[in-house]
Structures are given as C-alpha cells and as structure tokens.
Visitor: 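What follows is a structure written as structure tokens; I'll ask about it next.
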Amino acid sequence: MTYEYLYGEIKSVLGDGARAYCQYLLDKNPEELLFDKREVPDDLLSKHAEYSERIRTGEPIQYVFGYAPFYDLYIDCAPGVLIPRFDTEVLAEEAIKTLPENAYFADLCCGTGCIAAAVLKHREDVFALCLDISDKALECTEKNLKKYGLEGRAETRKFDVFSSWDGLPPLDAILCNPPYVNAKNMMTLPENVKKEPSEALYGGEDGLDFYREIIKKSKNHFKDKTHIIFEIGYDEADALRKLTDGKCVIKKDLSNNDRVCIIRG
Ligand code: GLN
C-alpha cells in the first residue's frame, strides 16, 4: 500500500480526525501524503490497523499514542488520567510569567503533571509540590517530570483536597486545574471525553466544589500573600467573581473563552 492510498483510507475512516492522526502516526501533514507513491512498511501498516480501529471506536487519540502535546512538551498520558488540553496552556503561561523568584508552588489536582512540567521547564528558579488523589495521576506526573529532567525540583504527594491541609507546607502559589464540570454538563459530555476519568471532570452539582474548598482551605497556607491561578469552565467566571467577592482577574483562552481565574491577595 502506498502512503497516498493509506491517507485516503485514514480520511475515510477518521474524517476530521485524519490530520491529527497523520501527525501522530507518521509525523506528517496530509498534504505531504497526497502524492506519495512510496510503499508503507508492513510494521507501520499493522500499527495503523490497530490504532485506527481503537480511535474509530472512540478511544481518545492521546491514549492510543500515549502522549499529548502541551506547551512545548510532549506529555505522557494514559487511561485513568485527564488528557492535557491546549486551553490549559494559558494557566501555565500565566504562572511562568508571574510566579515570584524561587517560588514554591503547588500543582493541585496535577493529573499528568503537565502544568508543573511546563512551569518548571521554563522557570529554572521555582519548585513544585504536585498533588493528586489518584495514584495513576501521580505515576504519570512522575514519569513526565523525569522525562524532562525536572524531578529534582519537584515532589509528588497523594492528596485529597477535601481532607485536612495540616500536613501541607506553606506555599507561594497554588496552580490548579480542578474537576469543574457540573452535574448537568456531565450528562452531555462528548463521547471521547467520556473515556476520561469522571473523577477528573466532575466538580459537584454546580461544578464549583473544588473552588470553594480550595479558596477556603488555602487561606492559611500561603507564606506571604494569596496567589491562586485556577483553570475554570467557560461559563464559570461569574461564579468565581462571586466566590471571591469580585477580587479576581479572569483571562481568556485561545478560543476566546473565559478560562483562567487569578486570585491575588
Ligand atoms: N476542560 C475539560 C473538558 O473538556 C474539563 C477539565 C476539568 O474539569 N478540569 O471538559
């Protein structure tokens, strides 16, 4: 089979997903394959047969290939851990720009560790405490920190936001992309998002359980001043303004949706 023919097949099976798939499988754009008459090696064809079938039947492409691009990193991810989103890059960027010198920050609900990894990579002076309730997430975070040689400036710890915070050290900042999908929206998640762990998505009836808890519990956990950078749902800015008595700044993501909430005291 030629690459040109293979592309036709990919397009007919995966439709709009063909472009991303070509990049993952072949590291090429569709345009590069259209007139390519070379033969595809057999081992690639058998990989393709397996991967395209898994994706066709609803498995997220990032789980199939085992990584997702985030910021300028390739973050390992696996079933059971939330897949990094481009939207979250705004949070990482805000932290990279505004963390004080030598900051000790928590990446709360760290998941794959994508936020901590991007921040540590671009700020060689800062240190991270990566916290998550899920062992799979912590495993994934450790893998990603090692992948980029960042483990020397980071600690991972199992932690439940709703338990006591007594054992946590004083922090300069909290970065957090918590579960924030509300009960109503959980019912209409796209099929591929349903393949991700609901414990990483569901933020309680109104989606705000984690924000309420973290705003309350973090009060005594800053070394000096409050500095929280949250990711929020596109429709949650007003709720966050209320929760913080208007003392927050909202920033948008690349799709122009409200996405980040900054609380500084
Ligand atoms: N942005 C995610 C979504 O696509 C939600 C992630 C989260 O709850 N932190 O639904």
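Read the numbers this way: they start at 1 and go in the same order the structure lists the ligands and their atoms. For the single chain, residues carry numbers from 1 onward in sequence order. Basis for what follows: all heavy atoms, side chains included, without hydrogens, waters or symmetry-related copies.
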Visitor: So that I know where these two stand, are Y211 and F230 an aromatic pair - ring centroids less than 6.0 Å apart?
Guide: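 They qualify: ring centres under 6.0 Å apart.
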
Visitor: Which heavy atom in L99 sits nearest to a heavy atom in A173, and how many Å separate them?
Guide: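 So the minimum-distance heavy-atom pair works out to CD2-CB, 3.5 Å.
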
Visitor: For ligand 1, find out whether one of its N or O atoms is nearer than 3.5 Å to an N or O atom of P178.
Guide: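 Right, the criterion is met.
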
Visitor: Should one rank Y180, Y234, Y202 by closest heavy-atom distance to atom 6 (C) of ligand 1, which comes out on top?
Guide: Y180

Visitor: Going by the atom numbers of ligand 1, which of them fall below 4.0 Å from some non-hydrogen atom of A200?
Guide: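 So the atoms of ligand 1 that pass are 7 (C), 8 (O).
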
Visitor: Report, in ascending order of atom number, the atoms of ligand 1 lying under 4.0 Å from any heavy atom of P179.
Guide: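 Close to P179: 8 (O).
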
Visitor: Minimum heavy-atom separation for K194 and L189, please, with both atom names.
Guide: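 Heavy atoms only, the tightest pair is CE-O, 3.4 Å.
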
Visitor: Among protein heavy atoms, which sits nearest to atom 3 (C) of ligand 1, and what does the distance come to when rounded to 0.1 Å?
Guide: R85 NH2, 3.4 Å

Visitor: If the threshold is 4.0 Å, N to carboxylate O, is there a salt bridge linking E94 and R259?
Guide: no

Visitor: Please report the shortest heavy-atom distance between P41 and Y3, naming the atom on each side.
Guide: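 So the two residues come closest at CD-OH, 3.5 Å.
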
Visitor: Between A118 and A92, what is the shortest heavy-atom contact and its length?
Guide: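 The answer is CB-CB, 4.2 Å.
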
Visitor: Using heavy atoms and a 4.0 Å limit, tell me yes or no: is G233 in contact with ligand 1?
Guide: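 It does not, in that no heavy atom of G233 comes within the 4.0 Å cut-off of ligand 1.
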
Visitor: With heavy-atom distances below 4.0 Å as the criterion, list the atoms of ligand 1 near N177.
Guide: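 Listed by number with element: 7 (C), 9 (N).
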
